[in-house]
**Q** 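First the structure, then my questions, so here it is.
In what follows, chains are A, B, ... by sequence order, proteins preceding strands, each numbered from 1.
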Amino acid sequence: MKKLDSAFYNRADVVKIAKELIGKVLITHFGEVITSGRIVETEAYAGAIDRASHAYNNRRTNRTEVIFQAGGVAYVYLVYGIHQLFNVVTNQKDTPHAILVRALDPIHGINTMLERTGKHRADYTLTKGPGNVSKALGITTRHTGVSLLGDEIYIADDDFVVAKKDIIATPRIGIDYAGEDAKLPYRFILKDNPNVSGKKSQNA
DNA sequence: ATGAGGATTCCA
DNA sequence: GGAATCCTCATC
């Protein structure tokens, strides 16, 4: 397993990186506890020019500041007062690009994921959807700003091969407020993977 | 100080 | 289809 390095995260094309993250492995290692899963769904958020992005128009607030850091850190925030969403920050300092990880195929630590989520069966809902990804891997808003080059949270390449034709681009989910930008094909899913979130009509 | 709204999930 | 739930942000 090769941990992705700063050269991977610091590139300029956030949409391309979002696509490349499909098939990579997201790992959390807190204390002695390791959980991981293969990334099967991502969404790119193109910063200043993207109405769907929290950093649209270079909006800098306490919350969004971490997105302006150089690529390779975690951006974790709370939505609906309930769910914590894990993002990967990319590009250079002051260019606020981020990629939301929306679904995983569980690999390691499934029993721990069941404990964390309070679920009783390891079915496809365990890491389906961005709220569930964070919950299963134990990621919370405390981890916003954590480096992905460290050992607590990181992404690795285990040489798993994803065929180009098995990666499908679609519009992003839950961003109707973004006007025309809501139509951009910035969401990537691994074809036919049961963990992928959204309705069937959103996965073609 | 206040109020509106959200990159969701779960159940009916 | 609708509630849960609370932080963030813009505005007053």
Side-chain angles (χ1 to χ4, degrees), chain A residues 14-15 17-19 21-22 26 37 39-69 71 73-91 95-104 106 113-145 148 153 155 168-190 194-203:
Chain A
V14 66
V15 177
I17 300 173
K19 190 172 180 176
L21 283 177
I22 299 295
L26 173 62
I39 297 171
V40 297
E41 178 178 0
T42 60
E43 282 178 2
Y45 287 84
I49 60 165
D50 181 357
R51 298 184 91 85
S53 170
H54 292 163
Y56 175 60
N57 207 18
N58 280 319
R59 187 171 53 155
R60 296 183 94 116
T61 65
N62 271 347
R63 182 178 66 154
T64 64
E65 193 60 34
V66 65
I67 317 175
F68 288 82
Q69 291 186 30
V73 299
Y75 169 51
V76 187
Y77 72 96
L78 182 73
V79 271
Y80 302 117
I82 303 176
H83 305 293
Q84 322 201 38
L85 272 54
F86 168 76
N87 296 249
V88 175
V89 174
T90 68
N91 212 321
T95 306
H97 289 181
I99 298 165
L100 173 65
V101 176
R102 291 188 56 90
L104 307 174
M113 296 188 199
L114 289 170
E115 283 173 31
R116 285 172 176 158
T117 57
K119 293 180 179 175
H120 302 288
R121 294 219 316 252
D123 64 10
Y124 68 90
T125 65
L126 189 55
T127 50
K128 173 195 175 100
N132 290 326
V133 167
S134 298
K135 203 168 179 186
L137 293 205
I139 297 171
T140 73
T141 53
R142 287 199 320 278
H143 299 111
T144 202
L148 303 179
I153 306 175
I155 301 173
I168 299 171
T170 82
R172 293 169 290 183
I173 306 288
I175 54 152
D176 293 342
Y177 58 84
E180 284 295 303
D181 289 347
K183 299 175 183 170
L184 294 169
Y186 282 5
R187 171 171 176 254
F188 297 98
I189 60 180
L190 186 55
N195 298 280
V196 167
S197 72
K199 305 176 198 163
K200 266 192 177 166
S201 61
Q202 295 171 311
N203 294 336

**Q** For the residue pair A:V89 and A:Y75, what are the closest heavy atoms and their distance?
**A**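 That closest heavy-atom pairing would be CG2-CB, 3.9 Å.
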
**Q** Would you mind reading off the distance between A:K199 atom NZ and B:dC10 atom P, rounded to a whole angstrom?
**A** 16 Å

**Q** Considering just the side-chain nitrogens and oxygens of A:K128, establish if one lies under 4.0 Å of OP1 or OP2 belonging to B:dC10.
**A** no

**Q** Would the number of heavy atoms belonging to other residues, nucleotides or ligands and lying under 6.0 Å from CG of A:D123 be above 12?
**A** yes

**Q** Go through residues 78-87 of chain A and report each residue with a non-hydrogen atom lying under 4.0 Å from DNA chain C, sorted by number.
**A**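 Correct list: A:L78, A:Y80, A:G81, A:I82.
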
**Q** Would you kindly give the CD-to-C1' distance between A:E43 and B:dG6, to the nearest whole Å?
**A**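 One finds 14 Å between C1' of B:dG6 and CD of A:E43, rounded.
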
**Q** Find the distance A:R102:CZ to B:dT9:C1' and express it as a whole number of Å.
**A** 11 Å

**Q** Only one of A:K128, A:Q202, A:E41 clears side-chain hydrogen bond (donor to acceptor under 3.5 Å, both in side chains) with A:S197; which?
**A** A:E41

**Q** Between B:dA7 atom C1' and A:H97 atom NE2, what is the distance in whole Å?
**A** 16 Å

**Q** Decide if atom OH of A:Y124 counts as having more than 12 heavy atoms of other residues, nucleotides or ligands within a radius under 6.0 Å.
**A** no

**Q** Mind listing the N/O atom pairs, protein and nucleotides 10-12 of chain C, below 3.5 Å?
**A**
{"unit_1": "C:dA10", "atom_1": "OP1", "unit_2": "A:R59", "atom_2": "NH1", "d": "3.3"}

**Q** Run the side chain to side chain contact (heavy atoms under 4.5 Å, CB included) test on A:L26 and A:I153 for me, step by step, so that the C-alpha distance in whole Å, both residues' side-chain angles and the decisive distance to 0.1 Å come before the verdict.
**A** CA-CA 8 Å; A:L26 173 62; A:I153 306 175; 4.2 Å; yes

**Q** So with a 6.0 Å cut-off around CZ of A:R63, is the heavy-atom count from everything else above 12?
**A** yes

**Q** Report yes or no: does A:R172 contribute a side-chain atom to a donor-acceptor pair with the main-chain N or O of A:A44 at less than 3.5 Å?
**A**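 Checking the backbone N and O of A:A44 against the side chain of A:R172, a donor-acceptor pair under 3.5 Å is found.
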
**Q** A:N57 CG to C:dC9 P: how many Å, rounded?
**A** 15 Å

**Q** Rounded to the Å, how far apart are A:L100 CG and B:dT9 C1'?
**A** 14 Å

**Q** So what does A:K135 hit on the nucleic acid, given a heavy-atom distance under 4.0 Å: a base, only sugar-phosphate, or nothing?
**A**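 No contact.
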
**Q** Tell me whether the side-chain N/O atoms of A:R63 come closer than 4.0 Å to OP1 or OP2 in C:dC9.
**A**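 Yes.
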
**Q** Quantified in whole Å, what is the C1' atom distance between nucleotide C:dG2 and nucleotide B:dG5?
**A**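 The answer is 16 Å between these two C1' atoms.
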
**Q** Mark yes or no for whether A:T64, through its side chain, and A:H54, through its backbone, hold a donor-acceptor pair below 3.5 Å.
**A**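 Checking the backbone N and O of A:H54 against the side chain of A:T64, no donor-acceptor pair under 3.5 Å is found.
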
**Q** Below the 4.0 Å mark, does C:dC7 have OP1 or OP2 next to a side-chain nitrogen or oxygen of A:N62?
**A** no

**Q** Round to a whole Å and report the spacing from OH of A:Y56 to P of B:dA7.
**A** 15 Å

**Q** Do we see A:Y45 stacking on the base of B:dA7, given a limit of 5.5 Å between centres and 30° between planes?
**A** yes

**Q** Take the protein atom CG of A:N195 and the nucleotide atom C1' of B:dT8, then report the distance between them rounded to whole Å.
**A** 17 Å

**Q** Is there a donor-acceptor contact under 3.5 Å from the side chain of A:R102 to the main chain of A:P130?
**A** no

**Q** Counting Watson-Crick and G-U wobble pairs only, both distances under 3.5 Å, name the nucleotide matched with B:dT8, or none.
**A** C:dA4

**Q** Of all heavy-atom pairs between A:I175 and A:A52, which one has the smallest distance, and what is that distance?
**A** CD1-CB, 3.7 Å

